[in-house]
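Quick notes on the structure that follows.
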Amino acid sequence: MIEHFGGALPLWVSPEQVKIIPIADRHLDWAYEVQKALTAKGIRCSIDDRNEKVGKKIREATLEKIPYMLTLGDNEVEAKTVSVRTRKGEDQGVKSLDELLAQLLEEIETKAK
């Protein structure tokens with residue numbers, strides 16, 4: 001299976017499904033709330049809270065072939081939303097947490113590639 005997908009496993013089987021990337025330390029509280037909501041629905045996720053530039057965090061998550069990356073900045077914290085990006089570099093824009101959960105759960109349930 002790993003050879004078939006070239007290491008880029010589908011969301012439903014990926015060991016880490018979502019990487020949460022806060023832009024600054026002041027965004028960590030929202031990051032932990034997002035992580036709690038995702039984990040409660042069975043989504044495997046982690047927070048990259050290292051003191052590195054956002055571009056580097058995104059690049060590393062892409063190289064790790066994590067299906068989704070959520071970046072959180074001032075706008076997202078204020079609006080209680082997340083900015084969604086795929087490992088293919090596709091920017092899916094800003095979504096509410098409920099929208100994101102619905103999308104992820106649908107993709108997992110249908111076993112989409």
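Source: prediction; values computed, not measured.
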Using a side-chain heavy atom cutoff under 4.5 Å and only I, L, V, M, F, W and Y, what cluster partners does I21 have?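 Members alongside I21: I23, V54, I58, M69.
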Give the C-alpha distance, both sets of side-chain angles, the deciding distance and a yes or no for side-chain contact (heavy atoms from CB on, under 4.5 Å) between V18 and V34. CA-CA 11 Å; V18 176; V34 170; over 6 Å; no
R59: partners by salt bridge (charged side-chain N to carboxylate O under 4.0 Å, His left out), with sequence neighbours left out: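 With neighbours one apart ignored, the set is empty.
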Contacts of type salt bridge (charged side-chain N to carboxylate O under 4.0 Å, His left out), residue E99, not counting sequence neighbours: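 Checked E99 against salt bridge (charged side-chain N to carboxylate O under 4.0 Å, His left out); zero matches.
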How long is the gap from [atom1] on [X] to [atom2] on [Y], to the nearest 0.5 Å?
{"X": "T39", "Y": "K41", "atom1": "OG1", "atom2": "NZ", "answer": "12.5 Å"}
{"X": "I43", "Y": "I108", "atom1": "CD1", "atom2": "CD1", "answer": "3.5 Å"}
{"X": "Q103", "Y": "K95", "atom1": "CD", "atom2": "NZ", "answer": "3.5 Å"}
{"X": "E109", "Y": "K111", "atom1": "CD", "atom2": "NZ", "answer": "9.0 Å"}

Quick one: does E78's side chain have a donor or acceptor within less than 3.5 Å of a partner on N75's backbone?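 Checked: no pair found.
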Test your reading of the model: is there a side-chain donor-acceptor pair from R44 to the backbone of P15, 3.5 Å cut-off?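 Such a contact is found between R44 side chain and P15 backbone.
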Pick one: which of R87, K19, E107 meets side-chain hydrogen bond (donor to acceptor under 3.5 Å, both in side chains) with Y68?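 Per the side-chain hydrogen bond (donor to acceptor under 3.5 Å, both in side chains) rule, the option paired with Y68 is E107, out of R87, K19, E107.
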Please lay out, stage by stage, how D74 and R26 fare under the test side-chain contact (heavy atoms from CB on, under 4.5 Å). CA-CA 8 Å; D74 291 333; R26 65 182 177 272; 3.0 Å; yes
[X] to [Y] - nearest heavy-atom pair and separation:
{"X": "V82", "Y": "W30", "result": "CG1-NE1, 4.2 Å"}
{"X": "L11", "Y": "P67", "result": "CD1-CB, 3.9 Å"}
{"X": "C45", "Y": "I20", "result": "SG-CD1, 4.3 Å"}
{"X": "P22", "Y": "H27", "result": "CB-CB, 3.9 Å"}
{"X": "R50", "Y": "E60", "result": "NH2-OE1, 2.5 Å"}

Please determine whether side-chain contact (heavy atoms from CB on, under 4.5 Å) holds for the pair I47 and L28, giving the CA-CA distance in whole Å, both sets of side-chain angles, and the decisive distance to 0.1 Å. CA-CA 9 Å; I47 298 173; L28 281 174; 4.3 Å; yes
Count the heavy atoms of every other residue, nucleotide or ligand shown that sit under 6.0 Å from CG of D25, and state whether that count exceeds 12.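 Atom CG in D25 is not packed in, count stays at 12 or less.
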V84 side chain reached by E90 side chain, heavy atoms, under 4.5 Å: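 No, their side chains stay 4.5 Å or more apart.
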Verdict with reasoning, E76 to V94, per side-chain contact (heavy atoms from CB on, under 4.5 Å): CA-CA 8 Å; E76 289 79 14; V94 178; 4.2 Å; yes
Give the cluster check for I66 versus L100: same hydrophobic cluster or not, with ILVMFWY residues linked at side-chain heavy-atom distances below 4.5 Å.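 Hydrophobic grouping puts I66 apart from L100.
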